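The structure presented is a predicted model; accordingly, all values stated were derived computationally and were not measured.
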Amino acid sequence: MYSDKVMDHFTNPRNVGEIENASGVGTVGNARCGDIMRIYLDIDENRIIRDVKFKTFGCGAAIATSSMATELIKGKTIDEALEITNKTVMEALDGLPPVKIHCSLLAEEAIHAALWDYATKNNIEIKGLVKPKSDIHEDEE
Ligand code: FES
(Lines give C-alpha, C1' and ligand atoms only; values in the text may rest on other atoms or scores of the structure.)
Protein backbone atom coordinates (compact mmCIF):
# COMPACT_ATOMS: atom_id res chain seq x y z
CA MET A 1 0.00 0.00 0.00
CA TYR A 2 2.83 2.41 0.82
CA SER A 3 5.97 3.01 -1.21
CA ASP A 4 9.41 2.27 0.21
CA LYS A 5 10.06 6.00 0.40
CA VAL A 6 6.93 6.61 2.48
CA MET A 7 7.94 3.80 4.83
CA ASP A 8 11.47 5.18 5.04
CA HIS A 9 10.34 8.71 5.93
CA PHE A 10 7.74 7.37 8.35
CA THR A 11 10.13 5.12 10.25
CA ASN A 12 13.08 7.50 10.01
CA PRO A 13 11.65 11.02 9.69
CA ARG A 14 14.08 13.85 8.87
CA ASN A 15 14.09 17.25 10.58
CA VAL A 16 11.90 16.40 13.55
CA GLY A 17 11.92 18.97 16.32
CA GLU A 18 11.53 22.67 16.99
CA ILE A 19 13.51 25.80 16.19
CA GLU A 20 13.83 28.29 18.99
CA ASN A 21 13.10 31.85 17.89
CA ALA A 22 12.06 30.57 14.47
CA SER A 23 11.61 33.12 11.66
CA GLY A 24 8.20 31.63 11.02
CA VAL A 25 5.99 28.96 12.54
CA GLY A 26 2.94 27.46 10.88
CA THR A 27 0.39 25.10 12.39
CA VAL A 28 -2.41 23.50 10.47
CA GLY A 29 -4.84 20.72 11.22
CA ASN A 30 -7.56 18.62 9.75
CA ALA A 31 -10.60 18.62 12.00
CA ARG A 32 -11.91 15.38 10.49
CA CYS A 33 -9.00 13.14 11.32
CA GLY A 34 -7.70 15.37 14.11
CA ASP A 35 -4.15 15.41 12.77
CA ILE A 36 -1.98 18.46 13.37
CA MET A 37 1.27 19.55 11.74
CA ARG A 38 3.62 22.36 12.79
CA ILE A 39 6.55 23.61 10.74
CA TYR A 40 9.33 25.90 11.98
CA LEU A 41 11.46 27.89 9.53
CA ASP A 42 14.79 29.59 10.04
CA ILE A 43 15.16 32.08 7.17
CA ASP A 44 18.34 34.08 6.60
CA GLU A 45 18.75 37.66 5.34
CA ASN A 46 18.87 36.45 1.72
CA ARG A 47 15.46 34.83 2.15
CA ILE A 48 16.95 31.35 2.09
CA ILE A 49 15.53 28.64 4.34
CA ARG A 50 18.58 27.85 6.45
CA ASP A 51 16.84 25.30 8.61
CA VAL A 52 13.45 23.69 9.00
CA LYS A 53 11.94 21.41 11.61
CA PHE A 54 8.56 19.87 12.11
CA LYS A 55 6.32 18.29 14.68
CA THR A 56 3.42 16.23 13.50
CA PHE A 57 0.75 14.67 15.60
CA GLY A 58 -0.80 12.49 12.98
CA CYS A 59 -0.88 9.43 10.81
CA GLY A 60 2.10 7.78 9.14
CA ALA A 61 1.43 9.48 5.80
CA ALA A 62 1.34 12.88 7.53
CA ILE A 63 4.69 12.16 9.18
CA ALA A 64 6.23 10.95 5.91
CA THR A 65 4.96 14.00 3.99
CA SER A 66 6.17 16.42 6.68
CA SER A 67 9.57 14.78 6.59
CA MET A 68 9.80 14.89 2.79
CA ALA A 69 8.45 18.45 2.63
CA THR A 70 11.12 19.70 5.05
CA GLU A 71 13.81 17.97 2.99
CA LEU A 72 12.48 19.60 -0.18
CA ILE A 73 12.49 23.17 1.16
CA LYS A 74 15.72 23.10 3.17
CA GLY A 75 18.32 25.36 1.57
CA LYS A 76 15.76 26.76 -0.88
CA THR A 77 14.63 30.34 -1.30
CA ILE A 78 11.22 31.43 -0.10
CA ASP A 79 9.98 31.57 -3.69
CA GLU A 80 11.21 28.06 -4.43
CA ALA A 81 9.57 26.79 -1.23
CA LEU A 82 6.29 28.35 -2.29
CA GLU A 83 6.36 26.27 -5.46
CA ILE A 84 6.43 23.03 -3.48
CA THR A 85 2.91 21.66 -3.56
CA ASN A 86 1.40 18.56 -2.07
CA LYS A 87 1.80 16.96 -5.51
CA THR A 88 5.54 17.65 -5.46
CA VAL A 89 5.76 16.03 -2.05
CA MET A 90 3.68 13.03 -3.13
CA GLU A 91 5.77 12.55 -6.26
CA ALA A 92 8.95 12.69 -4.20
CA LEU A 93 7.48 9.92 -2.03
CA ASP A 94 6.54 7.82 -5.08
CA GLY A 95 2.86 8.38 -4.43
CA LEU A 96 0.28 8.01 -1.68
CA PRO A 97 -2.96 6.05 -1.57
CA PRO A 98 -5.93 8.28 -2.56
CA VAL A 99 -7.39 8.28 0.97
CA LYS A 100 -4.12 9.76 2.20
CA ILE A 101 -3.91 12.73 -0.15
CA HIS A 102 -5.24 15.12 2.48
CA CYS A 103 -2.23 14.25 4.64
CA SER A 104 0.07 15.73 2.00
CA LEU A 105 -2.10 18.84 1.84
CA LEU A 106 -1.28 19.43 5.49
CA ALA A 107 2.41 19.65 4.57
CA GLU A 108 1.82 22.19 1.82
CA GLU A 109 -0.41 24.31 4.03
CA ALA A 110 1.93 24.12 7.01
CA ILE A 111 4.77 25.51 4.86
CA HIS A 112 2.50 28.30 3.64
CA ALA A 113 1.37 29.07 7.18
CA ALA A 114 4.98 29.29 8.37
CA LEU A 115 5.89 31.58 5.45
CA TRP A 116 2.84 33.69 6.21
CA ASP A 117 3.96 34.01 9.83
CA TYR A 118 7.44 35.04 8.66
CA ALA A 119 6.00 37.64 6.27
CA THR A 120 3.70 39.04 8.94
CA LYS A 121 6.48 39.29 11.52
CA ASN A 122 8.74 41.09 9.06
CA ASN A 123 6.05 43.17 7.51
CA ILE A 124 6.82 41.97 3.99
CA GLU A 125 4.73 40.61 1.19
CA ILE A 126 5.55 37.27 -0.40
CA LYS A 127 4.24 37.27 -3.95
CA GLY A 128 1.84 34.42 -4.59
CA LEU A 129 1.31 33.60 -0.92
CA VAL A 130 -2.28 33.68 0.25
CA LYS A 131 -3.50 33.57 3.82
CA PRO A 132 -3.38 29.90 4.80
CA LYS A 133 -6.36 27.93 5.99
CA SER A 134 -6.10 26.54 9.48
CA ASP A 135 -8.29 23.53 8.75
CA ILE A 136 -7.68 21.35 5.71
CA HIS A 137 -10.37 19.18 4.19
CA GLU A 138 -10.03 16.59 1.47
CA ASP A 139 -12.87 18.08 -0.53
CA GLU A 140 -10.88 21.29 -0.91
CA GLU A 141 -8.29 19.67 -3.13
FE1 FES B 1 -5.29 12.89 8.63
FE2 FES B 1 -3.32 11.55 7.66
S3 FES B 1 -5.21 10.76 8.32
S4 FES B 1 -3.36 13.63 8.13
Test item: Asp44 side-chain N/O and Asn46 main-chain N/O as donor-acceptor pair under 3.5 Å: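 Answer holds: yes.
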Quick one: does any side-chain atom of Ser23 pair with a main-chain N or O of Ile43 as donor and acceptor, under 3.5 Å?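 Here the side-chain-to-backbone pair exists.
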So, taking the atom named [atom1] in [X] and the one named [atom2] in [Y], what distance separates them when rounded to the nearest 0.5 Å?
X	Y	atom1	atom2	answer
Thr11	Ile63	OG1	CD1	10.5 Å
Leu82	Glu108	CG	CD	9.5 Å
Thr70	Arg14	OG1	CZ	9.0 Å
Thr88	Asn86	OG1	CG	7.5 Å
Phe54	Glu71	CZ	CD	9.5 Å
Asn30	Cys59	CG	SG	9.5 Å

With a 4.5 Å limit on heavy-atom distance, are the side chains of [X] and [Y] in contact?
X	Y	result
Val6	Asp8	no
Thr56	Asp35	no
His102	Cys33	yes
Tyr118	Val25	no
Thr77	Ile49	no
Met90	Ile101	yes

[X], [Y]: one ILVMFWY side-chain cluster at the under-4.5 Å cut-off?
X	Y	result
Ile73	Val16	yes
Ile48	Ile126	no
Trp116	Ile19	no

Exceeds 12 heavy-atom contacts within 6.0 angstrom, atom CG of Asp4: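 For Asp4, atom CG is not crowded (no more than 12 foreign heavy atoms under 6.0 Å).
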Please say whether more than 12 non-hydrogen atoms of neighbouring residues, nucleotides or ligands are located less than 6.0 Å from NZ in Lys87.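 No, the 6.0 Å shell around NZ holds no more than 12 heavy atoms from other groups.
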Given Arg38, Lys55, Lys53, the one that forms side-chain hydrogen bond (donor to acceptor under 3.5 Å, both in side chains) with Glu18: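 Single pass found, and it is Lys55.
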Walk me through it: do Thr27 and Ile36 pass the test side-chain contact (heavy atoms from CB on, under 4.5 Å)? CA-CA 7 Å; Thr27 308; Ile36 297 168; 3.8 Å; yes
Full working for side-chain contact (heavy atoms from CB on, under 4.5 Å) between Leu41 and Ile39: CA-CA 7 Å; Leu41 298 176; Ile39 285 195; 4.0 Å; yes
Measure across [X] and [Y] and return the closest heavy-atom pair with its distance rounded to 0.1 Å.
X	Y	answer
Leu72	Lys76	O-NZ, 2.8 Å
Met37	Ala107	SD-CA, 3.4 Å
Val28	Leu106	CG2-O, 3.4 Å
Leu115	Ile78	CD2-CG2, 4.0 Å
Leu96	Ser104	CD1-CB, 3.9 Å
Ala92	Met68	O-CE, 3.3 Å

Under 3.5 Å side-chain donor-acceptor pair for Asp94 and Ser3: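 The criterion, which ignores hydrogens and geometry beyond distance, is not satisfied for Ser3 and Asp94.
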Check this for me: does any side-chain nitrogen of one of Arg50 and Asp42 sit under 4.0 Å from a carboxylate oxygen of the other?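 The answer is yes: the pair qualifies as a salt bridge.
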Would Tyr40 and Asp51 count as a side-chain contact (heavy atoms from CB on, under 4.5 Å) here? Give the steps. CA-CA 8 Å; Tyr40 300 81; Asp51 199 11; over 6 Å; no
